[in-house]
Amino acid sequence: MNETLERWGSQRAFILAVTGAAVGLGNIWRFPYVAGENGGAAFLALYVGFVVLLGLPVMMAEILIGRAGRRSPSQSLAHLARQAGQSTHWRWVGSFGGVTVFLILSFYSVVSGWSIEYLVATINGSFVDAAPDQVAADFERFLADPLRMTFNHTLFLLLTMSVVAAGVSNGLEKLNNLMMPLLYVLLAVLVFHATTTVGFAQAMDWLFTPELSAVNPGVVLNAMGHAFFTLAVGACALMAYGAYMPDHQSLPRAVGMVAILDITVALLSGIAIFSVVFSQGMDPAAGPGLMFVTLPIAFADMPLGSVWLGMFFLLLLMATWTSSINLAEPMVAGLQGLGWRRSRATALVTVSVWLLGLLSVLSFSTLADVHWLAGRNFFELVSTVPSDVFLPLGGLLIAIFAVWVLPRDIALRALDAGPNGFRLWRAVVRYISIPLMCLVLISSLI
Ligand code: PHE
C-alpha cells in the first residue's frame with residue numbers, strides 16, 4: 001500500500017466527494033436537453049434502468065479497483081494485474097480513461113463558463129423583467145462572441161485547477177458540505193414554482209409517460225451514455241477517488257446514496273425546466289441552450305427572481321466545479337504516477353485542456369459549420385462521442401477487470417459488503433451489466 005497517499009477524512013466525506021463528482025452539468029444542463037432531443041419519458045426510463053443495471057455495478061467495480069490498488073488509476077490496474085499474474089497492459093485502460101476525461105473536460109469547462117457569464121449577468125440585473133425573446137436572443141449573441149466565451153472558459157479552468165493543484169481532499173470536502181444541501185433547497189423552490197405554471201401538467205406527462213414509439217437504437221445508446229456520464233463512471237475518474245477511500249466503509253451503500261442523490265437532482269431540474277418549456281410554448285429539443293434560456297424566463301416572473309436566479313447559477317457553478325475537479329484528478333494523478341511533480345502535472349493539464357477548449361468555443365461562431373465527423377462540428381462531437389461511446393467502453397473494460405481478472409479475495413475486501421453482497425454484485429456484473437453493455441455498443445455500431 002502506498003502510505004503517502006491522501007485519504008478522505010470520513011465516510012461522509014467520501015460520499016460527498018463522489019456525489020460532487022456525479023452531480024454537475026450532467027444533471028442540470030445535459031439531462032434536460034438530451035432528454036428533450038430523445039423524446040422525454042422513454043429516455044428517462046431507459047436512463048434510470050441503465051443506472052441501476054449498469055451504472056451502479058460498474059461504479060462499484062471502478063471504485064473498488066482504486067481502493068484495492070491505492071495508486072493512480074493506471075498504476076492500480078497494473079499493480080493488481082501483476083498480483084493476479086496477468087498482463088500489465090491493463091494499465092492502458094487507465095490511459096484510455098485519461099483521454100476520455102481530457103476530451104470531456106475541454107468542453108465541460110466551456111459550458112461551465114456559461115454559468116459564470118450568467119451569474120454575472122444576473123447580478124447586473126440583465127434578466128429583470130426580461131422578455132422570453134430577448135433572453136433567447138441574448139444567449140445567441142453570447143455564443144457568437146468567442147472572446148467572452150474564452151474569458152469565462154479560462155476563468156473556470158483556473159478555478160478548477162487551483163483546487164486540483166492543492167490536492168483534492170483538502171479543499172473539496174468543505175465545498176461539497178456547503179453546496180449539496182443548498183442545491184436541493186434551490187431546486188425545491190424551482191419545482192414549487194413549476195407547479196404553479198400552466199405547463200406543469202404537460203411537463204409531467206412528457207417526462208413520466210413513456211411512449212415506446214420514441215425508442216430507437218440511437219435513444220438507447222444516448223441513454224446508456226448519459227447514465228455513465230451523470231454518474232461519472234467509465235473514465236477511471238472515480239477510480240482515482242477510490243484510492244483515497246477510508247478502510248471501513250461499505251461500497252454498495254455509499255454508491256447507492258450517490259445514485260439516489262444524482263437521479264433526484266436530474267428529475268427536479270427536469271421538472272423545473274420543462275414546465276417553463278411547455279408554459280412558453282418552447283421546443284423541448286432546442287439543444288444545449290435549453291437551460292440557459294428557460295431558467296432566466298422562469299425566474300423573471302417570480303418575486304425576488306434575480307436573487308433566486310443568481311443563487312441558482314452560483315450553485316450550478318459549484319456543482320460543475322466539483323465535477324470538473326474530478327475530471328482533472330485522474331490526469332494529474334496519472335502524470336504524478338509517472339514521476340511528475342504535482343504542480344507541473346497540473347500546469348500541463350491546464351494548458352492542454354484550455355487549448356482544446358478553444359475549439360469548442362469557436363464551434364459556436366467561426367467553426368460552427370466545420371463538420372469533423374458525421375455532420376457534427378467540434379462541440380457536437382466532443383460533447384457526445386466521449387460520453388456515449390468512450391465511457392461505456394471504458395466501463396466495460398473496468399467491469400471485465402474487476403470480475404474476471406482481479407483475485408476474488410482482493411475484490412471481496414475492497415467491496416466491503418460481506419460474502420453474499422459480493423456474490424450478488426459479481427453475478428450482476430458478469431451476467432447482466434457486461435452482456436448489456438456489449439449488446440448496446442455493438443447494436444449501435446451496426
Ligand atoms: N458526472 C459529471 C456531471 O454530471 C460529469 C463527469 C463525467 C465527471 C465523467 C467525471 C467523469 O456533470
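Read the numbers this way: they start at 1 and go in the same order the structure lists the ligands and their atoms. As a basis for the values below, the full set of heavy atoms in this structure was taken, side chains included, without hydrogen atoms, waters or symmetry mates. Remember, predicted model here, so these are calculated numbers, not experimental data.
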Step-by-step side-chain hydrogen bond (donor to acceptor under 3.5 Å, both in side chains) determination, S383 to Y108: CA-CA 8 Å; S383 61; Y108 204 94; over 6 Å; no
Proximal protein residues to ligand 1, non-hydrogen atoms under 4.0 angstrom: A21, A22, G24, L25, G26, N27, Y108, F229, T230, A232, S323, N326, L327
Backbone of H226 reached by a side-chain donor or acceptor of T230 within 3.5 Å: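 Judged by distance alone, no pair lies under 3.5 Å.
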Donor-acceptor contact below 3.5 Å, side chain R67 vs main chain I65: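 Side chain of R67 to backbone of I65, a donor-acceptor pair under 3.5 Å: no, none is there.
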T384 and D388: CA distance, side-chain angles, deciding distance, side-chain hydrogen bond (donor to acceptor under 3.5 Å, both in side chains) verdict: CA-CA 6 Å; T384 51; D388 294 346; 5.4 Å; no
Gap between atom CZ of R430 and atom CH2 of W425 - 0.5 Å precision: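 Reported to 0.5 Å precision, the distance equals 9.0 Å.
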Pairing of R253 and D416 as salt bridge, 4.0 angstrom limit: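 Salt bridge absent between R253 and D416.
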